[in-house]
**Student:** 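Take this structure first; my questions come after.
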Amino acid sequence: MDILKLKDFPEDFLWGASSSAYQCEGAWDEDGKGPSVQDMAPVMKGTTDWKVCSDHYHRFKEDIALMAEMGFTEYRFSIAWPRIIPDGDGEVNPLGVKHYHEVIDECLKYGIQPVVTLYHFDLPYALQEKYGGWTSRQCIDDFVRYCEVCFKEYGDKVKYFLTINEQNMMTMFNMGGYKTDKERYQANHHMLVAQAKAMISCHNMCDAWIAPAPNITCVYPLTSSPEDYLAAMDYDQLRNRLYLDTVCFGKYPEAFALYLKERNAFPDIEEGDMEIMANAHPDFIAFNYYGGSTVKYVSEEEGRAAKEKMTSGKANMEEFMTGMMTEPGMAVGCKNPLQEETSYGMGIDPVGLRITLRELWERYSLPLLITENGCGVPDTLTEDGKVHDAYRINYLRKHIKACQQAITDGVDLMGYSPWSAFDLVSTHQGITKRYGMIYINRDEFDLKDLARIKKDSFYWYQKCIKSNGKDLD
C-alpha cells in the first residue's frame, strides 16, 4: 500500500555496519589462533585466501575510529571460535580473549554498541578432523562451552549477541560437504540444539539480548499458477521457517518435516531436544537480506534429473546453479524478470525487504535487526584517491527507505547494519567484489599498503546517520 506520511526512525535506532572475523581479520595463525575450516578450505581460482584479508586484527582501532567518524551507534562483528579455543574443545587462548576485549572496549569508547556474532562459518578445523564437526552431537557441547566463555568474558559489556550466522545457507548449499541429505539435516539439527542451549546459557549468565541470524527473504512464485504459489509456500518453510519456527516456536514446520521424512532425510531427534528449542526464547531476530527469492514448481522426476546433471561433471554453469537451487518435488529457484540485479547477479529488491520485515514481524512478533544488506561490486580507485560509488549510495538509499516504510507499517525494527563497514574478502569472489563504505587499498594478490580510503558512500551514510535517516539525498 502507498503510505501518505512516513514515520521517523526511532531516536534509539541502531545505525552501523557489519563484518566477519574470517573475512576481515587476517592474522590467521597469530597469537595462538588455530585454523578454521575456512582457513583450510580450497580457495577459488583467481581469488585471494584468508591469511591477511583487510588486516582488521592489527588495524581495528583505525577502522573503529572511521566508523565513529561515520556516526555508527553499533558495529556487528564476529568472534572467531578458533581464536578463543584454538582446537575447539581444549584450553582457552588468553591472547584471543584479550583481543576481543580490546575490540569491544574500542567500540564502547566511541559509544558504539558491539553486536557480537558467535559463529560465522569458522568452525575450528580440529573439530572437523576429530569427529566431523556438526555431524556429531559432541559439537553441541563444544559450541555451548565456547559461547559460555564469551558470555563470561564479554557479557557485562555486550548488549547484543547473535548465535549462528546464516545457518540456512550453510545447510541449503551444503557448505559442510555432507554426503547425504540425512547427514546434512542432522548437522543442521545439531546446530539448532546448540543455538538453543547457547541462548539459555546467555540468559542465565548475563543481561544481554540474544538472537539467531539467518539469511531471510520473502519468496515469490514465478507465475500466478496455483502450483507455483504452493511451491513458494513450501520453499519458505525450507529457506526461512525451518530456522525460525524451531527457535521461536520449538517445532519444525510441518509440511517441510513431511517432505524430509518421505525422503528419509529427517534428522534423528533425541529426547529433550525439542523442549530445549522451545525454551530458547530469542529476544529478537537478526537477519541478512540480499533480495527476494523466486521459485516455480518442479516435479520429483525433473528435480532429480537436475540434481544428477549438476553432479555429473558435465553441467555448464547455468545447469549447475539450477541443480543447486532445486528441491525435487517442491521448487526450483529462478531469476525474477521484474527484479534488478547487480553485476554479480545479486537481486536489488528494496520492496522485498519491506515484505520480509512485515512477514517476520507478523509471524514472530519479535524486534528485528537487519545485520547484512549490501551492494557487492568492483570499485575503481581514481588517480586522485577517490571512490565514486553512486550505485552503492542508490542501493542503500532505497533499502533504508524500505526500512522506514516497514516501521510505518508497524514493524519493530531495531537497526540497520549493512554489509559491510569496510571492504573485506567475499566468500566466493575475493576482494574484487567490494561491499564496504571504506576502501581497502589492495587487490587479490598485491597487498599494497592496505590504506583505508573513504568512499563517496562513507560521506553519504555519515549524513544519513546524523539526520537519523531523514537526509537520504
Side-chain angles (χ1 to χ4, degrees), residues 20-44 47-53 57 78-93 95-97 100 117-150 162-198 212-215 243 265 267-268 270 273 311 324 425-428:
S20 82
Y22 83 91
Q23 292 173 275
C24 74
E25 284 185 351
W28 76 285
D29 62 351
E30 291 185 35
D31 293 339
K33 179 184 174 292
S36 73
V37 292
Q38 292 298 120
D39 293 323
M40 305 306 288
V43 177
M44 292 191 69
T47 64
T48 185
D49 55 30
W50 316 107
K51 290 181 170 59
V52 177
C53 298
Y57 184 79
S78 72
I79 290 175
W81 181 353
R83 200 177 288 285
I84 299 295
I85 304 175
D87 61 1
D89 62 356
E91 296 295 318
V92 173
N93 173 25
L95 292 177
V97 170
Y100 293 110
T117 308
L118 295 160
Y119 182 73
H120 196 125
F121 300 164
D122 49 0
L123 179 78
Y125 184 69
L127 298 186
Q128 186 67 36
E129 290 289 282
K130 185 175 181 179
Y131 53 61
W134 287 109
T135 58
S136 170
R137 285 190 71 93
Q138 180 59 43
C139 205
I140 298 173
D141 293 339
D142 291 337
F143 177 74
V144 173
R145 176 181 173 244
Y146 151 67
C147 290
E148 289 178 347
V149 171
C150 293
L162 312 180
T163 51
I164 299 174
N165 178 77
E166 293 194 345
Q167 182 179 335
N168 52 345
M169 298 295 100
M170 287 188 280
T171 301
M172 288 177 62
F173 297 114
N174 197 14
M175 290 175 66
Y178 306 115
K179 296 178 182 178
T180 65
D181 286 345
K182 169 78 172 184
E183 188 176 64
R184 181 159 54 108
Y185 285 102
Q186 191 66 55
N188 180 68
H189 179 73
H190 294 160
M191 280 189 266
L192 290 171
V193 176
Q195 169 178 254
K197 284 190 167 187
N215 181 309
Y243 307 92
D268 297 326
E270 293 196 1
D273 284 357
T311 57
M324 285 286 289
V425 177
S426 176
T427 301
H428 301 296

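Quick note: numbers below take in every heavy atom, side chains included, and nothing from hydrogens, waters or symmetry partners. These numbers were taken from a predicted model, which means no experiment stands behind them.
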**Student:** Using every non-hydrogen atom in the two residues, find where Asp268 and Gln186 come nearest and quote the distance to one decimal.
**Tutor:**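 Smallest heavy-atom distance, with atoms named: N-OE1, 2.7 Å.
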
**Student:** May I ask you to test the Val43-Thr48 pair for a side-chain heavy-atom distance under 4.5 Å?
**Tutor:** no

**Student:** Is Gln23 close to His120 at the side-chain level, that is, under 4.5 Å between some pair of heavy atoms?
**Tutor:**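 Of all side-chain heavy-atom pairs linking Gln23 with His120, at least one is under 4.5 Å.
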
**Student:** Enter the distance from Asn188:CG to Asn174:CG here, rounded to the nearest 0.5 Å.
**Tutor:**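 Asn188 atom CG to Asn174 atom CG measures 11.5 Å (nearest 0.5 Å).
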
**Student:** Check the pair Thr171 / Arg184 against side-chain contact (heavy atoms from CB on, under 4.5 Å), numbers first and verdict last.
**Tutor:** CA-CA 6 Å; Thr171 301; Arg184 181 159 54 108; 4.0 Å; yes

**Student:** Could you walk me through whether Tyr178 and Trp134 satisfy the ring-ring contact (aromatic ring centres under 6.0 Å, His included) test, starting with their C-alpha distance in whole Å, then the side-chain angles of each, then the deciding distance to 0.1 Å, before giving a yes or no?
**Tutor:** CA-CA 10 Å; Tyr178 306 115; Trp134 287 109; 9.9 Å; no

**Student:** So Asp273 and Arg137, do their side chains get closer than 4.5 Å, heavy atoms only?
**Tutor:** yes

**Student:** Assess the residue pair Gln128 and Met40 against the criterion (side-chain contact (heavy atoms from CB on, under 4.5 Å)); give the C-alpha distance rounded to whole Å, side-chain angles, the decisive distance to 0.1 Å, and a yes or no.
**Tutor:** CA-CA 11 Å; Gln128 186 67 36; Met40 305 306 288; over 6 Å; no

**Student:** Just how far is it from atom OG of Ser136 to atom CG of Asp141, taken to the nearest 0.5 Å?
**Tutor:**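 The OG atom of Ser136 sits 9.0 Å away from the CG atom of Asp141.
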
**Student:** Could you check Met191, Gln167, Glu166 and say which one makes a side chain to side chain contact (heavy atoms under 4.5 Å, CB included) with Tyr243?
**Tutor:** Gln167

**Student:** Kindly determine whether Tyr131 and Cys139 satisfy side-chain contact (heavy atoms from CB on, under 4.5 Å), including the steps that lead there.
**Tutor:** CA-CA 8 Å; Tyr131 53 61; Cys139 205; 3.8 Å; yes

**Student:** Is the NZ atom of Lys182 crowded by more than 12 outside heavy atoms at less than 6.0 Å?
**Tutor:**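 Enclosed: over 12 neighbouring heavy atoms sit under 6.0 Å from NZ of Lys182.
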
**Student:** Do the side chains of Val92 and Arg145 get nearer than 4.5 Å, heavy atoms only?
**Tutor:** yes

**Student:** With side chains defined as the heavy atoms from C-beta onward, is the minimum distance between Gln138 and Lys130 less than 4.5 Å?
**Tutor:**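 The answer is no, as the side chains (C-beta and beyond) never meet within the 4.5 Å cut-off.
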
**Student:** Would you call Gln195 and Tyr119 a side-chain contact if the rule is heavy atoms closer than 4.5 Å?
**Tutor:** no

**Student:** So do the side chains of Tyr22 and Val425 get within less than 4.5 Å of each other, counting heavy atoms only?
**Tutor:** no

**Student:** So which atom in Cys150 and which in Ile79 form the shortest heavy-atom distance, rounded to 0.1 Å?
**Tutor:**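 Distance-wise, the nearest heavy atoms are SG-CD1, 4.1 Å.
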
